[in-house]
Amino acid sequence: ASGTALPLRTFVTVTPQLGAEILYRYNLFNSASISAQLQTGVSSGDGIAMVEQIAANTLPDGYSLEWTDITLQEVEAGDLVLFILALAVLFAYLFMVAQYESWILPLSIMASTIFAVLGALIPLQFIPNINNNIYAQIGIVLLIGLAAKKAIMVVEFAHNMRNLDVMSIDDAAIKAAHMRFRPVTMTGLCFILGVLPLVLASGAGAAGRVSIGYPVFAGMIIDSTLGLLMIPVLYAAFQNLSERLSGKPATVTPTGATPDKPA
């Protein structure tokens, strides 16, 4: 009352106690951060399922498990990736149906991408530390698009020579393969050399780049060799099937011409 200072111990009692320096919260709940490192050959999906199983068996009542960062996005996506891929293939097929005015001929282009996907699966199966994660799936989507573009370059020329230049199916396929061999091969070679830095990546963030690089690199090698040889074969097979189902004659002659007398 007189303005004289009093010691603090007159009002409070201080007792030293140990406590956490930082309190972490997630969605307003007290939380603890846990990071898991996957073993070689274990996919991210299997790792997520295993951690969830361990949490369900060991966490006491009142505790729960939540994901964050890229794992949260993968969990929320779930099987949505399969539906996205299916819709992408469906819309690509429908666009080519409109372009070629045929329900069967675009199947030759879609079938040619199988070789690229087959090549992409080889490193996922046989190379350590490379598994089927979200990065590899993005690489496969990229690979399918590029393989389809290369097939279109051959099928488009063969289709035009079959209908406009009135060539047989086999001759049109062989001619298109000869005409488009160099640009298609150069496209594949440039892409292979372009993704080589991803395969040889090192340092921070290298795991993601390598996961994309290896499937795309191997897939493009298979597509530029075996796939390129199979594109004319697939075109001839599906074009024959299309014309057989539509009732179109196997040989076509120009207007005003006869088999014995040219126009």
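We number each residue from 1, following the sequence as shown.
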Hydrophobic clusters here meaning ILVMFWY residues chained together by side-chain heavy-atom distances under 4.5 Å, can you tell me if [X] and [Y] are in one?
X: L241; Y: Y93; result: yes
X: F157; Y: M186; result: no
X: M230; Y: L118; result: no
X: L143; Y: I114; result: no
X: V233; Y: I104; result: yes

For a quick test of reading the model, state the closest non-hydrogen atom pair linking [X] to [Y] and the distance between them.
X: G188; Y: M220; answer: O-CG, 3.8 Å
X: T113; Y: A147; answer: CG2-CB, 4.1 Å
X: G47; Y: L38; answer: CA-CD2, 3.6 Å

Min side-chain heavy-atom separation [X]-[Y] under 4.5 Å:
X: V216; Y: F191; value: yes
X: L94; Y: W103; value: yes
X: F238; Y: M110; value: no
X: L124; Y: L121; value: yes
X: Y235; Y: L105; value: yes
X: I192; Y: S224; value: yes
X: T71; Y: I48; value: yes
X: F115; Y: L234; value: yes

Let me know which of V199, V210, L200 forms a side chain to side chain contact (heavy atoms under 4.5 Å, CB included) with F217. V199
Are side-chain N/O atoms of K150 and S112 paired as donor and acceptor at under 3.5 Å? no
Within this structure, what is the [atom1]-[atom2] distance for the pair [X] and [Y], rounded to the nearest 0.5 Å?
X: D61; Y: L59; atom1: CG; atom2: CG; result: 10.0 Å
X: M161; Y: I174; atom1: CE; atom2: CD1; result: 10.5 Å
X: M179; Y: M153; atom1: CE; atom2: CE; result: 11.0 Å

For E243 and I169, run side chain to side chain contact (heavy atoms under 4.5 Å, CB included): C-alpha distance rounded to whole Å, both residues' side-chain angles, the deciding distance at 0.1 Å, then the answer. CA-CA 10 Å; E243 294 185 5; I169 296 177; 3.6 Å; yes
So does [Y] get a backbone contact from the side chain of [X], meaning a donor-acceptor N/O pair under 3.5 Å?
X: N57; Y: Q53; answer: yes
X: R209; Y: A201; answer: no
X: N160; Y: E156; answer: yes
X: Y100; Y: V155; answer: no

